[in-house]
Amino acid sequence: MAHFSQDPQILHRPATLKRVLTSFFLAFLFMLLPWSGTYLLLRPDVLLLLLLYWSVHEPRLLGGWSAFTLGLLADAADSSVLGIHALGYSLSYALALQYRHRILSFYRLDQALHVLPLILLSQAVTAGVMFFLKTPQPHWIWWLQTPLTTLLWTLLPFWLDRQTTAPADPPRAA
Amino acid sequence: MSLRPPELFSRGPAPLARLFFYCALALACIVVDAHYHQLELFRKALNVLLTPFQTLADSPGQALQALGKAWDSQSDLQAENQRLRQQLLEQAPQMQRLQSLQADLHNLNQLLQIRQQQFPAGIIAPITGVARNPFTQKIILGIGANKGLESGSPVLSQEGLVGQVTTVNLFSSEVSLITNKNVVVPLLLARTGLRTLAFGNGEQGTLSLPYVPVGTDIRAGDVLVTSGIDGLYPEGLSVATVLSVQRDPVSAFAQIRCQPDSAVFKHREVLVLNRVQSLNPEHADWEQPDTASAPHSRAVRKGRKP
């Protein structure tokens, strides 16, 4: 699928399912590293970041079920109440899908400003559910996860974009 | 005239309908898991699925640790050995005194016909990490149902009570620390014999005793041990030390903050004890101290030799 996210002159090849799955696999390993203390509070939610990235760039490869399943896996991995991440991811994914054309029409930094509320929504859902479950909230620096994850939106996809950019066609022999 | 193009291809339910479906499913999961605790089997299945990923993610850290161990110089090891020997020697008189005290206690209990609680056996478990969730105070152990761990077992460190095993997976288990908000420990104030309850605050390093009347004799520095009346923790385990006591004349209860004794984040291993007694009310034989039959029945329940 061709789109013009970064430079209108560059055509993008569609990402293969293998590439999408590999990126999710790496993101999962990143989430499962032995985080603790302040690092845990600041751990960027790369799973959500990739989910948003692929839902904006390759909406046909993922469905609502993938957001839900990823959320459940994240809940099990973080030993939190099952369904919290699933709820946040499902909401963010649906909104990203709704506004994908708008997001794609901007350059990377402006895109990040659109992605920030989506990531914040997922985090706010977590905080809200934990509030209703009467669990004390973590230290305020936990909220820095959202800007950090958004910052990654401006950096991480360069690699992903490069992988999906079509090489210049060699001149054909007449 | 509508400007919407005709839908040529069926694309399933509308995006909004799908969103509602997944949100409802997620909310149902949250309620069933948090309120009814009925998703434990599902969680275990997900954890089994995640085990290979977890092993892979843990491997760099473990490799670094192994490398660090290999670099430990001989002199370091000798110094540690020397220190441990000294510690052992220093503790020897206390141990010997403990044995005679235990014998005395046993005799007294027999005279008074009180059933003595047997101290349960335990298994040493490696700590593999902290639960990656800033909302809970939990640690992860590297053994689970594969080594016969049970949910509800008390967990100890060298200094005192760490917490309680709350989730047992196939190859790992989760321990809720006593500082976790959902954990309550029945306590005995060692100096005065006052019985009370300690509640976790949900933050690292503090406990509170909310139900101690203002007029109670309690002060900073008092030592709190498990009372053993819940049938979950064996009695006499060191739990916490009182940090501060605030007596507000408006409130009927004093505000007491305590510091847990177990420095759990200092250690690589903890001791998981077998469960002392079944929580099943029909086994709770506190009312009739029957010295002849009770220890036997307990041993049978635990599947151990009396």
Side-chain angles (χ1 to χ4, degrees), chain A residues 25-26 28-43 59 63-69 71-95 97-98 125-127 129-139 141-142 145, chain B residues 12-13 15-35 39-40 42-50 53-62 128-136 138-140 166-167 169 172 174 180-182 200-204 265:
Chain A
F25 173 71
L26 291 177
F28 235 102
L29 286 190
F30 177 78
M31 301 293 274
L32 287 173
L33 288 176
W35 301 90
S36 65
T38 314
Y39 297 108
L40 174 66
L41 288 174
L42 292 174
R43 178 187 66 173
W65 63 271
S66 50
F68 185 80
T69 314
L72 274 189
L73 283 173
D75 284 328
D78 289 0
S79 57
S80 59
V81 177
L82 284 179
I84 290 187
H85 281 93
L87 182 63
Y89 284 11
S90 295
L91 282 168
S92 297
Y93 168 81
L95 280 172
L97 212 58
Q98 187 68 32
V125 164
T126 306
V129 172
M130 293 318 272
F131 178 77
F132 274 108
L133 296 177
K134 298 197 175 68
T135 308
Q137 299 288 319
H139 194 267
I141 61 167
W142 178 70
Q145 258 186 28
Chain B
L16 198 63
R18 282 183 219 199
L19 175 64
F20 271 123
F21 171 72
Y22 286 118
C23 285
L25 203 58
L27 281 174
C29 278
I30 291 171
V31 172
V32 173
D33 190 33
H35 197 255
L39 287 179
E40 286 310 306
F42 183 52
R43 185 190 288 279
K44 275 177 196 169
L46 284 177
N47 267 308
V48 168
L49 203 71
L50 286 171
F53 294 90
Q54 187 64 69
T55 314
L56 200 60
D58 283 344
S59 52
Q62 278 170 355
T128 55
V130 184
R132 290 172 300 266
N133 186 348
F135 288 93
T136 57
K138 284 182 182 175
I139 54 171
I140 313 280
T166 41
T167 309
N169 300 315
S172 66
E174 287 172 16
N180 199 328
K181 197 188 139 264
N182 298 328
N201 284 336
E203 53 186 275
Q204 206 177 308
F265 296 106

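A quick note: this is a predicted structure, and the numbers were derived from the prediction, not measured.
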What part of [X] gets within 4.5 angstrom of chain A, counting heavy atoms only: side chain, backbone, both, or neither?
X	answer
B:Ile30	both
B:Asn182	neither
B:Glu174	side chain
B:Leu16	neither
B:Lys138	side chain

Measure the shortest side-chain to side-chain distance between [X] and [Y] over non-hydrogen atoms and say whether it is less than 4.5 angstrom.
X	Y	result
A:Leu32	B:Arg132	yes
A:Leu91	B:Cys23	yes
B:Phe135	A:Leu133	no
B:Val130	A:Leu40	no
B:Leu46	A:Asp75	no

Among A:His139, A:Gln98, A:Lys134, single out the residue with the greatest number of heavy-atom pairs under 4.5 Å to chain B.
A:Lys134

Using non-hydrogen atoms only, which part of [X] is less than 4.5 Å away from chain B: side chain, backbone, both, or neither?
X	answer
A:Leu72	both
A:Trp142	side chain
A:Tyr93	neither
A:Leu41	side chain

Do the ring planes of A:Phe28 and B:Phe53 sit parallel (below 30°), tilted (30 to 60°) or perpendicular (above 60°)?
tilted

Nearest heavy-atom pair of A:Pro34 and B:Asp58: which atoms, and what distance?
CD-OD1, 4.3 Å

From B:Val32, B:Asp33, B:Val31, B:Leu39, residue fulfilling side-chain contact (heavy atoms from CB on, under 4.5 Å) relative to A:Val81
B:Asp33

